2 protein chains.
Amino acid sequence: MYIEIDFNSDEAIYNQLCDQIIMGIAAARLCDGDPLPSVRQLADDIGINMHTVNKAYTVLRQQGYVKVDRRRGAVISVDPGKVNALAELKESLRVDIARASCRNISREDVHKLVDQIFEEYRSDQSGEQGGR
Amino acid sequence: MYIEIDFNSDEAIYNQLCDQIIMGIAAARLCDGDPLPSVRQLADDIGINMHTVNKAYTVLRQQGYVKVDRRRGAVISVDPGKVNALAELKESLRVDIARASCRNISREDVHKLVDQIFEEYRSDQSGEQGGR
DNA sequence: GTGTTTGTTATATCTTTAATATAACAGCAA
DNA sequence: TTGCTGTTATATTAAAGATATAACAAACAC
């Protein structure tokens with residue numbers, strides 16, 4: 001669990017935590033069934049408050065990335081059946097690409113970046129991922 | 001100037017304003033030299049405070065999308081020479097694609113979305129855009 | 001049993017951000 | 001002058017983010 005928090009960022013800490021865990025799942029550094037540290041332990045490791053970690057875990061659960069077991073704590077459990085996922089991605093891309101387009105970044109440039117990122121996320125495995 | 005603000009969104013109003021104007025530039029509905037409404041008028045149109053619009057304009061100026069003339073007000077003026085643009089785009093894509101990847105959205109799916117969005121942004125013109 | 005750790009909930013406090021409300025100023029144009 | 005522009009200043013309200021304690025029930029080790 002390598003978690004890097006930028007305390008000078010304008011991004012909320014709990015949001016950075018969510019992002020890093022989700023990227024960890026995509027990169028297959030975190031797999032289905034893997035347990036996350038307890039809220040108290042992770043908070044202590046990073047040097048933040050317990051409730052900040054708890055909020056991140058709560059959001060991750062609501063968005064279908066982890067399940068919480070009273071005894072085992074938070075466990076990676078990705079729910080791939082989110083119907084709005086494609087629409088949400090498109091809306092997010094719309095803003096990013098608008099900014100890029102103003103900077104004369106081409107369609108081909110974006111495709112290259114997408115490929116590079118998928119390479120990062122698939123480097124440890126070649127087949128399916130994030131399934132059941 | 002079609003501006004749509006979602007007052008129930010978790011996105012700040014001034015941020016929604018920035019995004020919409022930037023997307024307007026990318027879609028060529030706003031072109032270099034076009035004037036934006038005065039902060040007072042746009043605030044009145046949308047039904048928000050003058051300072052909220054002013055903050056949006058200030059951010060847009062800092063990020064190189066508009067220039068502000070004391071007499072003419074805010075004018076579209078895109079500065080394409082932002083060296084970090086590519087790195088910033090990649091960092092943003094990394095998070096988006098991580099989420100998408102967990103939902104089993106493929107590299108090809110993302111490419112399709114990117115193409116669709118570039119179609120939207122290039123529908124009114126075929127050549128260069130966002131230049132000097 | 002006791003003791004510890006787990007997630008969870010409930011307060012309370014502090015800080016920052018977002019948004020609003022007035023107000024005033026300087027520059028420019030009719 | 002009158003009216004518009006951006007800009008700045010100040011104040012206030014509301015919400016979000018983060019922290020600090022504290023307590024509870026469930027699970028497990030002993």
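A note on names: the letters A, B, ... follow the listed sequences, proteins ahead of strands, and every chain is numbered from 1. Heavy-atom basis, side chains included; hydrogens, waters and symmetry copies ignored. Keep in mind the model is a prediction, meaning the values are calculated, not measured.
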- request: Provide, to the nearest angstrom, the distance between the NE2 atom belonging to H51(B) and the P atom belonging to dA11(D).
  value: 14 Å
- request: Rounded off to whole Å, could you give me the CD1-to-P distance for the I13(A) and dT17(C) pair?
  value: 13 Å
message: In whole Å, I'd like the distance from the CG atom of L42(A) to the P atom of dT5(C).
response: 17 Å
message: What is the distance, to the nearest angstrom, from the CD atom on Q16(B) to the P atom on dA19(C)?
response: 8 Å
- prompt: What integer distance in Å separates I46(B):CD1 from dT20(C):P?
  reply: 10 Å
query: Is there a side-chain polar atom (N or O) of Y57(B) under 4.0 Å from OP1 or OP2 of dG6(D)?
result: no
task: Taking only the side-chain nitrogens and oxygens of K55(B), find out if one of them lies under 4.0 Å from OP1 or OP2 of dA18(C).
output: yes
- prompt: Where each residue is assigned the nucleotide of DNA chain D containing its nearest heavy atom, which of I48(A) and N54(B) is assigned the position nearer the 5′ end?
  reply: N54(B)
- prompt: In whole angstrom, what separates Y14(B)'s OH from dT20(C)'s P?
  reply: 13 Å
task: Report yes if at least one side-chain N or O of T52(A) is closer than 4.0 Å to OP1 or OP2 of dT19(D); otherwise report no.
output: yes
- prompt: Short question: side chain of D45(B), backbone of L42(B) - any donor-acceptor pair under 3.5 Å?
  reply: no
message: Suppose we call a contact any N or O donor and acceptor under 3.5 Å apart; does that hold for the side chain of R40(A) and the base of dT8(C)?
response: yes
query: Salt bridge or not for E120(B) and R94(A), using N-O below 4.0 Å?
result: yes
- prompt: In whole angstroms, how far is the C1' atom of dG17(D) from the CZ atom of F7(A)?
  reply: 13 Å
task: Please determine if R99(B) and D19(A) form a salt bridge, counting it only when a charged side-chain N lies under 4.0 Å from a carboxylate O.
output: yes
query: Which whole-number value in Å describes the distance from N49(B) CG to dA18(C) C1'?
result: 11 Å
message: From the set dA18(D), dT8(C), dT7(D), return the single nucleotide nearest to any side-chain atom of A12(A).
response: dA18(D)
- prompt: Could you walk me through whether C18(B) and L60(B) pass the side chain to side chain contact (heavy atoms under 4.5 Å, CB included) check?
  reply: CA-CA 7 Å; C18(B) 287; L60(B) 286 173; 3.9 Å; yes
message: For a quick test of reading the model, state the closest non-hydrogen atom pair linking Y14(B) to V59(B) and the distance between them.
response: CE1-CG2, 4.2 Å
